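Written below as structure tokens is the structure these notes are about.
Here the structure is a predicted model, which means the values were calculated and not measured. Below, each value reflects all heavy atoms present in this structure, side chains not excepted, and no hydrogens, waters or symmetry copies.
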Amino acid sequence: MAKQIQAIRGMNDCLPTQSPLWQKVEGIIKHVVSAYGYNEVRMPIVEVTHLFKRAIGEVTDVVEKEMYTFEDRNGESLSLRPEGTAGCVRAGIENGLLYNQEQRLWYMGPMFRHERPQKGRYRQFHQVGVEVFGLNGPDVDAELIMMTARMWRELGIHNHVRLELNSIGSLEARANYRTALVAFLEQHMDVLDEDCKRRMYTNPLRVLDTKNAAIQEILVDAPKLSDYLDDESKEHFAGLCELLDAAGIDYQVNERLVRGLDYYNRTVFEWVTESLGAQGTVCGGGRYDGLVEQLGGKNTPAVGFAMGIERLVLLMETLELTDVRRSVDVYVVTMGEGTMMAGMKLAETLRSELPDLRIMSHFGGGNFKKQFKRADNVGAAIALVLGENELAQQQVVIKDLRGGEQMTVSQDEVTAKLADLI
């Protein structure tokens, strides 16, 4: 007997029992982004490795430790995408979408990072990303946050997430702050763990979001990034806060919020939850005004966010928000000579006349009891019963599988009756 092949660790199947909730989450997100006038873009999952090194930063955890990188048959280094923004910017530059233009884009699909799998964090995971190019002001930052707030309301999780905001200023302001932060950290080398010591000179701002309690304690006295912000960044952040106040969106300013990728500047934000334990971030984003130019395009302001589908699904399961539309609305039951083909024709007619209905025909034979049991197993609300007598009289029995009531109608009336019932 051949050895059973299993899925790669951290790359999971989404089973039929799970996919309805995924479809619900994805459907609500697609509806919201479309309501704001954003257009979908689809990028490949494989890019040249150099794209991510330039965009994300060679000394980030993502590039140093987490990317799936390999050489193709031509000896070129390629990587599975660990995030979507870099590929979206590359696509925009390559296809002439960004220079002197405004673009509001969104995408959805798998990303890949070789990190330790844990609940809500996997090696193949799925993200929704929203990116805006060509707009400079805090107004579009505010709209993106309002958009996410609307998603939470429609998903029913708005009371279980909170918004954290910060401004990390311009590249020059961050460089000045970085010098001061490194000088401070050098005075506390005895407290720093190995991870923070490694980051201290390569990406010191990441030390600010360490989970090490002892280091968090000394960071209380660390220099504040807000003291180093340039005037334009301060004005931009004040404008964003004013717009969010006017929209009635609650937020907390978290001066240690820096985000993990090098390309961010000015606004950064995260939506976090206490309902998932340590894996508390469900959405994060911010401005990356220098990235387009960094990747070979013209100077273009940009802002966006990304959210993990697995994390949202896990949160909804944790909160028991798992009610989804049944996979089957109507189950066609047939018994007797000639009824199976007649039932299939009836189902095809109904699919044309009631395209929103989900209709399944029974196959494989069996008595009525077996067929009704199957209808119940797939969650159908109504059974259409077609026996030899009904076939001869051009009738159909409509049986309510929840209330137990049934009626016999002519085949010409079935469409109207089902439209009333479902």
Side-chain angles (χ1 to χ4, degrees), residues 1-2 4-7 12-31 34 108 126 154-156 309-310 313 316-317 320-422:
M1 183 175 178
Q4 181 179 345
I5 298 174
Q6 295 185 325
N12 299 337
D13 302 305
C14 182
L15 302 177
T17 53
Q18 301 165 314
S19 59
L21 184 55
W22 278 66
Q23 291 169 357
K24 177 180 179 178
V25 171
E26 292 168 350
I28 287 173
I29 291 170
K30 289 178 182 180
H31 168 73
S34 296
M108 181 184 296
H126 298 77
E154 296 203 13
L155 288 169
I309 301 295
E310 281 89 350
V313 169
M316 294 187 70
E317 288 174 339
E320 299 183 351
L321 300 172
T322 54
D323 287 341
V324 294
R325 180 181 173 184
R326 63 179 64 89
S327 58
V328 175
D329 297 310
V330 176
Y331 197 85
V332 179
V333 173
T334 57
M335 179 68 69
E337 186 176 350
T339 59
M340 185 184 73
M341 179 56 70
M344 293 177 68
K345 287 182 178 180
L346 175 62
E348 286 298 293
T349 299
L350 293 173
R351 291 186 184 106
S352 297
E353 295 177 348
L354 299 171
D356 289 336
L357 277 193
R358 303 177 187 189
I359 303 170
M360 178 181 285
S361 296
H362 181 86
F363 298 129
N367 56 27
F368 278 130
K369 182 178 180 180
K370 177 182 177 180
Q371 295 191 48
F372 281 121
K373 183 177 180 180
R374 177 61 179 157
D376 188 59
N377 287 343
V378 298
I382 288 176
L384 298 183
V385 184
L386 192 61
E388 291 181 359
N389 289 339
E390 287 79 22
L391 182 61
Q393 298 178 45
Q394 291 291 297
Q395 293 178 329
V396 178
V397 174
I398 300 177
K399 182 175 178 62
D400 183 345
L401 296 176
R402 296 294 173 260
E405 298 178 358
Q406 66 181 48
M407 66 182 80
T408 301
V409 301
S410 70
Q411 290 190 15
D412 293 338
E413 297 178 285
V414 175
T415 298
K417 290 294 184 182
L418 286 180
D420 289 339
L421 291 172
I422 296 183

Pairing residues for Leu321 by the side chain to side chain contact (heavy atoms under 4.5 Å, CB included) criterion, not counting sequence neighbours: Ile157, Met316, Leu319
Results of side chain to side chain donor-acceptor pair (under 3.5 Å) for Glu310 - residues two or more places apart only: His126
Pairing residues for Asp400 by the salt bridge (charged side-chain N to carboxylate O under 4.0 Å, His left out) criterion, not counting sequence neighbours: none
Qualifying residue for side-chain contact (heavy atoms from CB on, under 4.5 Å) with Asp329, from Ile382, Leu357, Leu418, Leu421: Leu357
Nearest-0.5 Å distance that lies between atom CD1 in Ile28 and atom CG in Leu155: 4.5 Å
Spatial distance of atom CG (Asp376) from atom NZ (Lys373) [nearest 0.5 Å]: 9.5 Å
Residue pairs involving residues 17-27 (criterion salt bridge (Lys or Arg N to Asp or Glu O under 4.0 Å); sequence neighbours excluded): none
Selection residues 404-414 - residue pairs positive for side chain to side chain donor-acceptor pair (under 3.5 Å), sequence neighbours left out: Ser410-Glu413
Residues forming a side chain to side chain contact (heavy atoms under 4.5 Å, CB included) with Leu15, sequence neighbours excluded: Asp13, Thr17, Gln18
Show me the donor-acceptor pairs within less than 3.5 Å that the side chains of residues 338-356 make with the rest of the protein, sequence neighbours left out.
residue, atom, partner, partner atom, Å
Thr339, OG1, Met335, N, 3.3
Thr339, OG1, Gly336, N, 3.4
Thr339, OG1, Gly336, O, 2.7
Glu348, OE2, Arg351, NH1, 2.6
Thr349, OG1, Lys345, O, 3.1
Arg351, NH2, Ile359, O, 2.8
Ser352, OG, Glu348, O, 3.3
Glu353, OE1, Thr415, OG1, 2.3

Results of side chain to side chain contact (heavy atoms under 4.5 Å, CB included) for His362 - residues two or more places apart only: Tyr331, Gln371, Arg374
Output side-chain donor-acceptor pairs under 3.5 Å for residues 384-398, partner residues at least two apart or in another chain, one line each.
residue, atom, partner, partner atom, Å
Glu388, OE2, Glu337, N, 2.8
Glu390, OE1, Gly387, N, 2.8
Gln394, NE2, Leu391, O, 3.4

Qualifying salt bridge (Lys or Arg N to Asp or Glu O under 4.0 Å) pairs, either residue in residues 357-370, two or more places apart: none
